[in-house]
Amino acid sequence: MKTLESKFKLPTRQYLSSTVIPKLYSKILSQLKEEINTDLDREHTGENIFLKIKAMVNEWNIDISNLSIPIYMVTDNARNISCGLNIYNDNDTLHHYFCAAHTLQLAIEDSLKENNMGSLLKKCRSIVMHYNHSTKSWERLQQIQLRLNLPNHKLIQMVETRWNSVYLILECIIEQKEAIPVLEATKEFSQEDIPTFSMVNPIIYSIEKKLDNFITKNSNTAAGIGFTRSLRKSISNRFLVCKNDPSYLLATVNDPRFKTIFMELENVEKVKSLLTIEVEKFGSACATLEISETEQNLLLPTTVPVSTNSLSDILQERSISSSTNKEQLINSFKKEIQEYLQQPLLSPTSKPFLWWKTNCLNFPCLVPVALKYLGIPGTSICSERIFSKAEQVVTARR
């Protein structure tokens with residue numbers, strides 16, 4: 001700098017710390033406040049949140065107040081969001097569902113509070129902090145791990161907003177992990193390349209069965225039995241609405257990995273009726289259905305001969321003909337549904353959309369229904385993951 005401009009005087013450390021940085025901080029602070037106020041300049045009530053969502057959706061030329069197609073919104077369990085989308089929304093085609101992964105974590109929190117595990121978690125957190133915040137302690141831990149032939153793993157800290165962190169911190173310290181089969185469930189819910197809405201009821205069913213087996217096999221004095229019972233109760237209560245909700249049932253039955261195997265008998269008949277109704281709405285999709293010549297003749301519009309009788313006779317003839325055609329069409333829908341349900345199940349790791357792409361000509365009436373319900377996300381993790389990635393990419397330095 002002296003060579004380039006000898007008269008230029010570099011700012012001192014004191015000038016930077018007392019003048020430049022405070023001014024920069026004030027400038028950025030005012031910009032953030034302005035953006036926040038512009039984004040939602042009123043109290044975060046349910047009504048204000050709904051109006052903000054409505055304005056954001058309007059930017060995509062979608063009027064929430066006058067929808068002709070169903071829209072499914074998946075959010076966390078915040079009460080103000082739930083209030084905004086359920087109380088202030090008077091349109092039957094806008095459907096709101098809770099994030100399954102977030103609901104699962106709330107069930108865990110319920111169980112932790114009910115069993116007074118706060119003090120235990122506090123001690124675990126202190127142990128982890130001791131080794132993670134001290135270089136000497138971490139080196140001693142590595143030496144012990146080497147001496148005992150243990151994996152050289154760093155202890156995981158518990159973070160309130162990071163799901164599964166409670167499980168992971170306990171897994172590092174205790175061995176009783178079979179009592180808490182939630183880690184795999186959250187990972188399954190967090191996938192992006194396969195349908196997750198259809199997985200909610202099957203996964204919750206599997207968790208409940210695993211918890212029931214643990215309770216049955218262990219005595220009342222076994223470690224973790226109280227927590228397991230509390231977790232079983234909380235999961236059952238929080239996901240009770242999913243077991244009878246038409247959208248969840250239709251999503252599951254249209255997933256060739258599950259269909260009706262996790263449903264109660266009364267729900268199997270219920271979902272067949274719901275599926276028939278949904279297929280009727282997309283009746284035009286059956287134009288490519290390969291049926292016999294006899295069935296084709298039955299499904300084609302019947303030409304009713306002009307009667308020489310009175311007007312009432314002509315109307316009655318047309319009414320009977322239309323009723324017969326509709327009945328035959330519904331029977332063809334039911335036949336296709338039955339043939340689909342009789343197909344062998346896919347493995348849990350298979351990709352349902354690929355199966356539907358391969359079998360779209362075999363079940364043309366069911367394809368639109370499958371796309372409608374399998375396209376609903378089971379959690380809000382994907383959108384939250386985008387925000388997290390954006391924060392890492394668009395840093396202040398960049």
Side-chain angles (χ1 to χ4, degrees), residues 64 66-74 86 89-97 195-202 205 239-291 295-296 298-302 318-343 345 352-353 355-356 359-378:
I64 288 182
N66 187 25
L67 290 173
S68 58
I69 58 173
I71 289 183
Y72 299 89
M73 297 190 69
V74 180
N86 295 324
N89 169 39
D90 56 358
N91 195 318
D92 294 336
T93 55
L94 178 62
H95 307 279
H96 174 230
Y97 292 101
T196 53
F197 194 75
S198 59
M199 297 168 60
V200 173
N201 278 336
Y205 175 87
F239 285 93
L240 181 62
V241 65
C242 301
K243 296 178 181 179
N244 298 305
D245 186 276
S247 294
Y248 282 102
L249 293 175
L250 285 167
T252 304
V253 76
N254 279 286
D255 193 323
R257 298 172 296 172
F258 310 120
K259 297 182 182 178
T260 61
I261 58 170
F262 293 105
M263 296 182 188
E264 301 293 338
L265 185 60
E266 59 270 17
N267 277 341
V268 172
E269 297 305 316
K270 176 183 176 181
V271 79
K272 285 182 180 179
S273 302
L274 290 171
L275 197 52
T276 305
I277 295 171
E278 285 292 318
V279 170
E280 284 186 66
K281 295 178 183 178
F282 295 99
S284 59
C286 293
T288 58
L289 180 62
E290 297 181 4
I291 54 178
E295 289 174 322
Q296 286 179 356
L298 289 172
L299 294 177
L300 287 173
T302 305
R318 170 60 68 181
S319 175
I320 294 172
S321 175
S322 299
S323 176
T324 303
N325 285 343
K326 184 177 181 180
E327 184 179 350
Q328 295 294 338
L329 192 61
I330 292 175
N331 287 337
S332 71
F333 292 159
K334 290 182 178 179
K335 181 181 177 181
E336 182 175 322
I337 292 171
Q338 192 60 34
E339 288 177 357
Y340 162 71
L341 293 176
Q342 290 174 351
Q343 294 291 313
L345 294 175
F353 283 128
W355 186 91
W356 278 108
N359 293 272
C360 61
L361 295 179
N362 298 329
F363 307 103
C365 297
L366 287 172
V367 170
V369 185
L371 293 177
K372 175 182 177 181
Y373 288 99
L374 293 181
I376 305 173

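Hydrogens, waters and symmetry mates are skipped; everything else that's a heavy atom, side chains included, is used.
Under the salt bridge (Lys or Arg N to Asp or Glu O under 4.0 Å) criterion, Lys243 pairs with Glu208, not counting sequence neighbours. Under the ring-ring contact (aromatic ring centres under 6.0 Å, His included) criterion, Tyr373 pairs with no residue, sequence neighbours left out. Asn254 is linked by a side chain to side chain donor-acceptor pair (under 3.5 Å) to nothing, counting only residues two or more places apart in sequence or in another chain. Residues meeting the side-chain contact (heavy atoms from CB on, under 4.5 Å) test with Thr252, sequence neighbours left out: Asn201, Pro202, Phe258, Met263. Remark: Phe353 pairs with Pro195, Leu371, Leu374 by the side-chain contact (heavy atoms from CB on, under 4.5 Å) rule, at least two apart or across chains. Taking the side-chain contact (heavy atoms from CB on, under 4.5 Å) definition, one finds that Ser273 meets it with nothing, sequence neighbours left out. With sequence neighbours left out, the ring-ring contact (aromatic ring centres under 6.0 Å, His included) criterion links Tyr205 to Phe262. Residues passing the side-chain contact (heavy atoms from CB on, under 4.5 Å) test with Gln338 are Lys272, Gln342, sequence neighbours excluded. Partners of Ser247 by side chain to side chain donor-acceptor pair (under 3.5 Å), not counting sequence neighbours, listed by chain and number: Tyr97. Among residues two or more places apart in sequence or in another chain, the side chain to side chain donor-acceptor pair (under 3.5 Å) test is passed with Thr276 by none.
A distance of 9.5 Å separates CD1 in Ile330 from CD1 in Ile277, rounded to the nearest 0.5 Å. Atom OH of Tyr248 is separated from atom CD1 of Ile376 by 8.5 Å, given to the nearest 0.5 angstrom. In this structure, CH2 in Trp356 is found 5.0 Å from OH in Tyr340, a value given to the nearest 0.5 Å. Separating the CG atom in Leu249 from the SG atom in Cys242 is a distance of 9.5 Å, to the nearest 0.5 Å. Taking CG of Leu94 as the start and CG of Asn86 as the end, the distance is 9.0 Å to the nearest 0.5 Å. Atom CD of Glu278 sits about 7.5 Å away from atom CG of Leu274, to the nearest 0.5 Å.
Contact record, Arg257 with Asp255: NH2-OD2, 2.6 Å, taken as the closest heavy-atom pair. Nearest heavy-atom pair across Pro364 and Glu336 is N-OE2, 3.3 Å.
Within the 4.5 Å cutoff, no side-chain heavy atoms of Lys281 are placed close to those of Pro368. Put simply, the side chain of Leu366 reaches to within 4.5 Å of the side chain of Val279, judged on heavy atoms. A heavy-atom distance below 4.5 Å is not found between the side chains of Val369 and Lys372. Within the 4.5 Å cutoff, no side-chain heavy atoms of Gln343 are placed close to those of Pro256.
For Glu264, the CD atom counts as loosely surrounded, since its 6.0 Å shell holds 12 or fewer non-hydrogen atoms of other residues, nucleotides or ligands.
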*Give the intermediate values and the outcome of side chain to side chain contact (heavy atoms under 4.5 Å, CB included) for residues Leu275 and Leu250.*
CA-CA 7 Å; Leu275 197 52; Leu250 285 167; 3.9 Å; yes
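Using bins of under 30°, 30° to 60° and over 60° for the plane-to-plane angle, the ring pair Trp355/Phe363 lands in the parallel bin.
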